[in-house]
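The structure appears below as structure tokens.
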Amino acid sequence: GRGGGEAEMFFHIVLERNMQLHPRHFGPHLRDKLVAKLMKDVEGTCSGRHGFVVAITGVEDIGKGLIREGTGFVTFPVKYQCVVFRPFKGEILEAVVTMVNKVDFHSPSSQLCHVLSAWFTDLGCLLVLQMGFFAEAGPVQIFVSNHLIPDDMEFQSGDVPNYTTSDGSV
């Protein structure tokens, strides 16, 4: 982490995963093929239980392969170490603001409208976000609605859109 509480959000943990491999990959480089597939399948993914998998740091154990009937594929239980990013409710994140906007998401001319509307519709959510800012904290993408921004801060348009207090101090 870059200091502050952010370091507490990174954890080094051991996870297990069953990896399927086609027989064509069997041979002297079997382990390398399994590890490469593991990295491709796992790094950059996110689960509610463990968080965002930043990187695999080591493979502890590869168990005996089990042939899957009718397919020829073999399943290997793999135990691996990885670094995960998992913020908790109430923790403070150091984030970088990437976009500040005052967008009417219901405006047909807004391309962002279509993307977000489709996304929220898929989630079955009610689209109530009108304006706010986007930010990134490590691998986490954040949207902060203007409803969560302090009342004494107002949206300022211009070359660099921002939210500023009336006296301009923040």
Side-chain angles (χ1 to χ4, degrees), residues 1-99 101 103 105-106 108-129 132-145 148:
R2 288 179 298 215
E6 188 176 343
E8 297 162 15
M9 295 172 210
F10 289 91
F11 300 93
H12 197 207
I13 61 173
V14 175
L15 294 175
E16 279 192 64
R17 185 180 179 92
N18 287 324
M19 301 293 303
Q20 283 187 40
L21 210 58
H22 192 274
R24 71 172 173 272
H25 298 301
F26 296 173
H29 302 293
L30 173 63
R31 183 186 170 88
D32 294 341
K33 297 277 186 186
L34 268 175
V35 172
K37 188 176 188 319
L38 178 72
M39 292 172 86
K40 182 173 171 287
D41 290 356
V42 172
E43 287 185 344
T45 63
C46 189
S47 79
R49 187 173 174 197
H50 301 293
F52 183 95
V53 179
V54 178
I56 290 171
T57 56
V59 174
E60 285 197 354
D61 183 57
I62 298 175
K64 289 182 179 178
L66 192 67
I67 299 170
R68 297 190 54 160
E69 281 187 49
T71 66
F73 279 84
V74 175
T75 302
F76 295 89
V78 180
K79 190 183 284 189
Y80 60 96
Q81 300 167 353
C82 61
V83 174
V84 295
F85 178 84
R86 187 180 178 200
F88 290 90
K89 184 177 179 179
E91 283 189 284
I92 297 169
L93 278 78
E94 180 181 311
V96 177
V97 176
T98 54
M99 186 191 354
N101 64 11
V103 177
F105 288 134
H106 298 287
S109 62
S110 166
Q111 187 168 4
L112 192 57
C113 158
H114 301 303
V115 174
L116 286 173
S117 291
W119 182 57
F120 277 91
T121 303
D122 288 347
L123 289 176
C125 296
L126 201 61
L127 187 58
V128 292
L129 305 178
F133 67 88
F134 290 85
E136 292 176 358
V140 176
Q141 302 286 322
I142 299 164
F143 176 77
V144 178
S145 165
L148 299 171

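Below, each value reflects all heavy atoms present in this structure, side chains not excepted, and no hydrogens, waters or symmetry copies.
Judged by distance alone, with hydrogens and angles left aside, the side-chain atoms of Thr98 form a donor-acceptor pair with the main-chain N or O of Phe134 at under 3.5 Å. Under the 3.5 Å distance criterion, the side-chain polar atoms of Glu43 are matched with a main-chain donor or acceptor of Ile56.
Side-chain atoms of Cys82 and Ile13, non-hydrogen and from C-beta on, do get closer than 4.5 Å to each other. In this structure, Thr71 and Gln20 have side chains that are not in contact, with every pair of non-hydrogen atoms separated by 4.5 Å or more.
Here the shortest heavy-atom pairing between Phe52 and Gly44 reads CE1-O, 3.4 Å. Minimum heavy-atom separation, Tyr80 to Arg17: CE2-CB, 3.8 Å. When all heavy atoms are compared, the tightest approach of Ile142 to Ala95 is CD1-CB, 4.4 Å. Nearest heavy atom pair, residue Glu136 against residue Gln141, reads OE2-NE2, 3.4 Å.
For His12, the NE2 atom sits in a packed shell: over 12 heavy atoms of surrounding residues, nucleotides or ligands are nearer than 6.0 Å.
Evaluated for a side-chain contact (heavy atoms from CB on, under 4.5 Å) with Phe76, the options Leu38, Leu66, Leu30 yield exactly one hit, Leu30.
In this structure, CE on Met19 lies 4.5 Å from CG on Asp41, to the nearest 0.5 angstrom. Between the CD atom of Gln81 and the CG atom of Leu15 there is a distance of 10.5 Å, given to the nearest 0.5 Å. If you take CE on Met9 and CD1 on Ile92, they are separated by 8.0 Å, rounding to the nearest 0.5 Å.
Listed by chain and number, the residues in a side chain to side chain donor-acceptor pair (under 3.5 Å) with Ser47 amount to none (sequence neighbours excluded). Residues forming a side chain to side chain donor-acceptor pair (under 3.5 Å) with Arg24 (at least two apart in sequence, or on another chain): His22.
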